[in-house]
Amino acid sequence: MVEIRGKRGNKVPIVLTKDIKESIDLLIRTRKNVGIPDKNPFAFARPTKQSLKHIRACDCLKRFAKECEPPLSNPEDVTGTKLRKYIATISQVFALKETEVEWLAQHLGHDIKVHR
């Protein structure tokens, strides 16, 4: 498990499978080969010699939603915000306990009031 920075600087836990951890380790080992500066602290760094920034997840999500096979009928509807809202809505079906709802909201980077 790793923690990433979520909305408003909150830490969000991410559980990594063995395959994902191995893939991230490969990215880290090959950084120099693709021109990522040593000073760039991001695991998903922009592969340019000058950049100290990261690749934006929302841009990746948009691109892969558009390139999906078979094609999606509404790729513009696949966004991080809409996915979080969908999870919040579906979680209501499971009749979660109060503590579970609070954990889920925090994990999604939501304020509990927004989540409800």
Side-chain angles (χ1 to χ4, degrees):
M1 182 181 82
V2 296
E3 288 182 338
I4 63 170
R5 184 175 43 107
K7 287 185 174 182
R8 294 180 241 74
N10 294 329
K11 291 182 180 179
V12 178
I14 303 293
V15 177
L16 304 177
T17 64
K18 181 182 176 192
D19 290 342
I20 291 174
K21 183 186 177 315
E22 289 172 359
S23 297
I24 291 173
D25 289 342
L26 177 63
L27 283 174
I28 292 168
R29 282 195 312 272
T30 58
R31 290 169 64 89
K32 283 190 180 186
N33 299 350
V34 296
I36 296 173
D38 290 335
K39 292 181 181 181
N40 189 317
F42 299 103
F44 298 99
R46 291 191 181 271
T48 63
K49 294 182 191 253
Q50 299 83 14
S51 180
L52 296 179
K53 297 186 178 187
H54 57 84
I55 295 172
R56 292 174 6 133
C58 60
D59 294 337
C60 294
L61 193 55
K62 280 182 194 176
R63 177 179 170 192
F64 290 117
K66 288 179 183 174
E67 295 178 5
C68 188
E69 286 296 330
L72 300 175
S73 56
N74 297 306
E76 65 280 355
D77 287 344
V78 180
T79 67
T81 299
K82 289 184 179 180
L83 288 170
R84 283 190 300 274
K85 287 179 181 180
Y86 176 75
I87 291 170
T89 301
I90 292 300
S91 70
Q92 294 174 10
V93 172
F94 296 116
L96 300 177
K97 297 175 186 168
E98 185 67 22
T99 55
E100 294 169 327
V101 171
E102 289 175 11
W103 179 87
L104 180 61
Q106 184 179 5
H107 184 75
L108 294 174
H110 288 172
D111 180 277
I112 189 67
K113 294 172 192 166
V114 171
H115 186 78
R116 288 191 178 122

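All residue numbers in this chain count up from 1 along the given sequence.
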Asp25 CG to Thr30 OG1 distance, which is reported to the nearest 0.5 Å = 10.5 Å
So which heavy atom on Asn40 is nearest to which on Lys53, and how close?
-> ND2-O, 3.0 Å
Taking the side chain as every heavy atom from C-beta outward, state whether Arg56 and Arg46 have any pair of such atoms under 4.5 Å apart.
-> yes
Correct closest heavy-atom pair for Pro13 and Met1 would be CB-SD, 3.7 Å
Ile55 side chain reached by Asp59 side chain, heavy atoms, under 4.5 Å | no
Between Pro37 and Ser51, what is the shortest heavy-atom contact and its length?
-> CG-O, 3.4 Å
Between the CZ atom in Arg29 and the CZ atom in Arg31, the distance rounded to the nearest 0.5 Å is 13.0 Å
Between Val2 and Ile24, is any pair of side-chain heavy atoms under 4.5 Å apart?
-> no
Atom CG of Leu104 and atom CD1 of Ile90: how far apart are they, to the nearest 0.5 Å?
-> 11.5 Å
When rounded to the nearest 0.5 Å, the distance separating CG of Leu16 from NZ of Lys21 is 8.5 Å
Could you grab the distance from atom OG1 of Thr79 to atom NZ of Lys85, nearest 0.5 Å is fine?
-> 8.0 Å
Check whether Ile36 and Phe44 end up in the same hydrophobic cluster, where Ile, Leu, Val, Met, Phe, Trp and Tyr are linked by side-chain heavy atoms less than 4.5 Å apart.
-> no
So with a 6.0 Å cut-off around OH of Tyr86, is the heavy-atom count from everything else above 12?
-> no
Less than 4.5 Å apart, any side-chain heavy atom of Lys32 and any of Asp38?
-> yes
Taking all non-hydrogen atoms of both residues, which atom of Pro75 and which atom of Ala65 are closest, and how far apart?
-> CB-O, 3.4 Å
Mind checking whether Phe64 and Leu61 sit in one hydrophobic cluster, side chains of I, L, V, M, F, W, Y counted as touching below 4.5 Å?
-> no
Would a 4.5 Å heavy-atom cut-off, applied to side chains only, mark Glu22 and Leu26 as touching?
-> no
Do Ile28 and Ile20 sit in the same hydrophobic cluster, where Ile, Leu, Val, Met, Phe, Trp and Tyr count as joined when their side-chain heavy atoms come under 4.5 Å apart?
-> yes
same_hphob_cluster(Phe94, Ile87) at 4.5 Å side-chain heavy-atom cutoff = yes
In Å, rounded to the nearest 0.5 Å, how long is the span from CG of Leu72 to NZ of Lys66?
-> 12.0 Å
Evaluate side chain to side chain contact (heavy atoms under 4.5 Å, CB included) for Leu52 paired with Phe42, printing each intermediate quantity in order.
-> CA-CA 8 Å; Leu52 296 179; Phe42 299 103; over 6 Å; no
